[in-house]
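All values below were derived from every heavy atom in this structure, side-chain atoms included, with hydrogens, water molecules and symmetry-related copies excluded. Start at 1 with the first residue, then count along the sequence.
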Amino acid sequence: MAQSKGWKLGQDSFTKMIVWFKDGNVRTMYSIDWKHKLSRTRSKETGMERFRKKIKQYGPLAGTIEIYDKTTGQRIAKFYEGIEKSLETT
């Protein structure tokens with residue numbers, strides 16, 4: 001990362017979240033894994049914490065929410081109406 005330009009959303013994010021809303025809209029969001037734009041470090045836990053706040057905010061408006069690791073493309077979490085579901089049964 002070039003320190004003068006800061007982190008880039010999407011490019012520097014560890015994870016992404018896809019939300020399928022009950023009204024038919026779909027939205028993809030990228031994790032914000034840093035405390036501020038010019039922060040020297042980034043943390044996957046920070047991004048996941050922020051995603052969990054968003055999931056709580058959306059609650060029953062969202063049908064399905066899935067979180068993926070951007071490096072591997074593997075699904076790491078799944079929620080339905082704000083409630084986390086087991087990955088083995090999906």
Side-chain angles (χ1 to χ4, degrees):
M1 173 194 87
Q3 189 61 31
S4 62
K5 295 186 182 199
W7 300 103
K8 301 286 184 212
L9 190 61
Q11 174 184 317
D12 295 320
S13 299
F14 285 120
T15 55
K16 72 176 182 178
M17 178 169 74
I18 303 173
V19 182
W20 288 270
F21 290 97
K22 289 184 177 179
D23 65 2
N25 289 322
V26 179
R27 185 168 178 198
T28 301
M29 293 170 247
Y30 295 93
S31 59
I32 301 172
D33 304 313
W34 44 88
K35 297 287 183 185
H36 56 85
K37 190 168 179 92
L38 298 177
S39 177
R40 292 187 179 270
T41 61
R42 60 188 177 138
S43 164
K44 191 172 189 175
E45 290 77 30
T46 300
M48 290 297 291
E49 200 174 295
R50 290 177 174 164
F51 274 166
R52 292 193 187 280
K53 285 182 185 177
K54 271 289 186 206
I55 291 166
K56 206 177 268 190
Q57 178 186 349
Y58 291 146
L61 295 176
T64 303
I65 300 172
E66 294 181 350
I67 301 175
Y68 292 88
D69 184 297
K70 282 188 48 209
T71 307
T72 64
Q74 182 177 2
R75 183 173 57 191
I76 55 177
K78 182 175 182 171
F79 298 81
Y80 183 73
E81 293 183 350
I83 300 167
E84 190 162 9
K85 299 296 177 184
S86 171
L87 292 178
E88 286 93 34
T89 61
T90 58

request  = Begin from the C-alpha positions of Ile32 and Leu9 and carry the test side chain to side chain contact (heavy atoms under 4.5 Å, CB included) through to its verdict.
outcome  = CA-CA 7 Å; Ile32 301 172; Leu9 190 61; 3.8 Å; yes
query = So which heavy atom on Gln11 is nearest to which on Lys70, and how close?
reply = O-NZ, 3.9 Å
ask   = If every non-hydrogen atom of Ala62 is compared with every non-hydrogen atom of Val19, which pair is closest and at what distance?
value = CB-CG1, 3.7 Å
query = Do you know which two heavy atoms are closest between Ile55 and Ile65, and how far apart they sit?
reply = CG1-CD1, 3.9 Å
request  = Measure the spacing between NZ of Lys16 and CD1 of Ile67 and express it to the nearest 0.5 Å.
outcome  = 12.5 Å
Phe51 to Met29 - nearest heavy-atom pair and separation = CZ-O, 3.7 Å
ask   = Near Gln74 CD, under 6.0 Å, is it more than 12 heavy atoms from other residues, nucleotides or ligands?
value = no
request  = List the atom of Ala77, the atom of Phe79, and the distance in Å for their closest heavy-atom pair.
outcome  = CB-CE1, 3.8 Å
Of all pairs that satisfy ring-ring contact (aromatic ring centres under 6.0 Å, His included), the ones with a partner from residues 25-44, not counting sequence neighbours = Trp7-Trp34
request  = To the nearest 0.5 angstrom, please state how far the NZ atom of Lys35 sits from the OG1 atom of Thr46.
outcome  = 4.5 Å
ask   = To the nearest 0.5 Å, how far apart are NZ in Lys78 and CD1 in Ile83?
value = 13.5 Å
request  = Using the test ring-ring contact (aromatic ring centres under 6.0 Å, His included), find all partners of Phe21 that sit at least two apart in sequence or belong to another chain.
outcome  = Tyr58
message = Suppose the criterion is salt bridge (charged side-chain N to carboxylate O under 4.0 Å, His left out): which pairs have a residue in residues 43-55, not counting sequence neighbours?
response = Lys44-Asp69, Arg52-Glu84
ask   = Has the side chain of Ser31 got a donor or acceptor atom that lies under 3.5 Å from a matching backbone atom of Thr15?
value = yes
request  = Report whether Tyr68 and Val26 are members of the same hydrophobic cluster (ILVMFWY, side-chain heavy atoms less than 4.5 Å apart, transitive linking).
outcome  = yes
